[in-house]
Amino acid sequence: MSRSQRARWQHAVVLVVTGVVLLVLAAGMGHPGWGVVALLAALIGAWLAAPLRSDRSLTHWDAQQRHVRDGAVVVYWRPGSIGCLRLRSALRSVSDQILWVNVWADDEAAAFVRDVNGGSEVVPTAILRNGDAVTQPSPDAVRADLRVQPEAA
């Protein structure tokens with residue numbers, strides 16, 4: 001089992017245990033309904049975090065080939081990351097112009113992000129069209145890069 005898969009399983013287990021603890025605490029305080037809601041939310045989160053679901057995200061190498069060939073922006077992300085969620089949400093209108101690579105689904109992508117960030121797996125990390133790597137880019141920076149016309153070769 002890869003490091004990324006272990007991390008995803010650990011997150012799923014923590015979410016389930018948290019949901020059960022919240023259910024027990026809410027029931028003990030006389031609010032079992034809130035406990036059930038918390039447990040359901042935790043189970044949904046665990047399902048989203050678990051590595052059983054197939055991920056349709058691009059691989060690192062596919063994204064790199066398209067980056068070189070088409071000049072596309074590549075964003076490395078991870079499920080459950082608040083920064084990634086914010087960036088993806090803010091870039092919803094231009095999301096089809098961005099190649100999204102899940103570092104938990106691709107060990108080579110995770111290694112690349114660690115290499116770019118001095119050993120830390122910091123996400124989101126974007127590779128702009130000019131090849132610059134930007135850690136935790138702002139949505140405005142990514143939009144600005146998408147507006148710049150690529151130079152003709």
Side-chain angles (χ1 to χ4, degrees), residues 1-67 72-129 132-146:
M1 183 182 305
S2 72
R3 177 176 172 239
S4 297
Q5 287 176 322
R6 273 194 309 274
R8 288 184 75 181
W9 277 117
Q10 289 169 349
H11 279 82
V13 168
V14 166
L15 285 167
V16 170
V17 169
T18 300
V20 170
V21 167
L22 289 174
L23 173 67
V24 170
L25 288 173
M29 293 175 19
H31 301 290
W34 285 110
V36 170
V37 169
L39 179 61
L40 287 175
L43 290 174
I44 290 169
W47 178 77
L48 292 172
L52 296 176
R53 293 182 322 108
S54 63
D55 190 348
R56 288 177 258 147
S57 155
L58 288 172
T59 66
H60 168 67
W61 292 114
D62 290 339
Q64 287 298 314
Q65 286 175 344
R66 288 178 59 186
H67 170 74
V73 171
V74 180
V75 176
Y76 294 89
W77 68 284
R78 170 178 51 238
S81 163
I82 299 299
C84 294
L85 182 62
R86 282 188 199 137
L87 183 66
R88 199 164 201 161
S89 177
L91 295 174
R92 188 172 308 141
S93 63
V94 293
S95 186
D96 59 329
Q97 300 175 44
I98 300 170
L99 305 175
W100 298 91
V101 181
N102 180 350
V103 298
W104 277 1
D106 185 350
D107 288 334
E108 290 174 341
F112 175 78
V113 168
R114 286 191 302 272
D115 186 48
V116 167
N117 292 301
S120 297
E121 198 173 285
V122 182
V123 290
T125 295
I127 307 301
L128 302 178
R129 293 177 359 163
D132 289 346
V134 181
T135 302
Q136 297 177 333
S138 71
D140 291 336
V142 175
R143 275 193 216 94
D145 188 62
L146 288 170

Review point. For atom NE2 of His11, is the number of surrounding heavy atoms from other residues, nucleotides or ligands below 6.0 Å larger than 12?
Key: no
Return the [atom1] to [atom2] distance between [X] and [Y], rounded to the nearest 0.5 Å.
X      : Y      : atom1 : atom2 : answer
Ile98  : Arg143 : CD1   : CZ    : 8.5 Å
Asp115 : Thr125 : CG    : OG1   : 11.5 Å
Leu99  : Asp62  : CG    : CG    : 9.5 Å
Ser81  : Trp104 : OG    : CH2   : 9.0 Å
Asp145 : Ile127 : CG    : CD1   : 11.0 Å
Thr18  : Leu23  : OG1   : CG    : 12.5 Å

Study note, to complete from the structure: With Tyr76 as partner, the option from Val101, Val122, Thr135 fulfilling side chain to side chain contact (heavy atoms under 4.5 Å, CB included) is Val101
Revision key, fill the gap. The residue among Val113, Asn102, Val103 that forms side chain to side chain contact (heavy atoms under 4.5 Å, CB included) with Trp77 is Asn102
Taking the side chain as every heavy atom from C-beta outward, state whether [X] and [Y] have any atom pair closer than 4.5 Å.
X     : Y     : answer
Leu43 : Val16 : yes
Leu39 : Leu22 : no
Met29 : Trp34 : no

Looking only at heavy atoms, what is the nearest atom pair of [X] and [Y], with distance?
X      : Y      : result
Ala110 : Glu121 : CB-OE1, 3.4 Å
Gly19  : Ala42  : CA-CB, 3.5 Å
Ala126 : Val75  : CB-CG2, 4.1 Å

Review point. Has the side chain of Asp106 got a donor or acceptor atom that lies under 3.5 Å from a matching backbone atom of Thr59?
Key: no
**Study point:** Distance-only side-chain donor-acceptor flag, Ser120 / Asn117, under 3.5 Å
**Key:** no
Study note, to complete from the structure: Gln97 meets the side chain to side chain donor-acceptor pair (under 3.5 Å) criterion, sequence neighbours left out, with none
Report all side-chain donor-acceptor pairs from residues 86-93 shorter than 3.5 Å, counting only partners two or more places apart or in another chain.
unit_1: Ser89; atom_1: OG; unit_2: Arg92; atom_2: NH2; d: 3.0

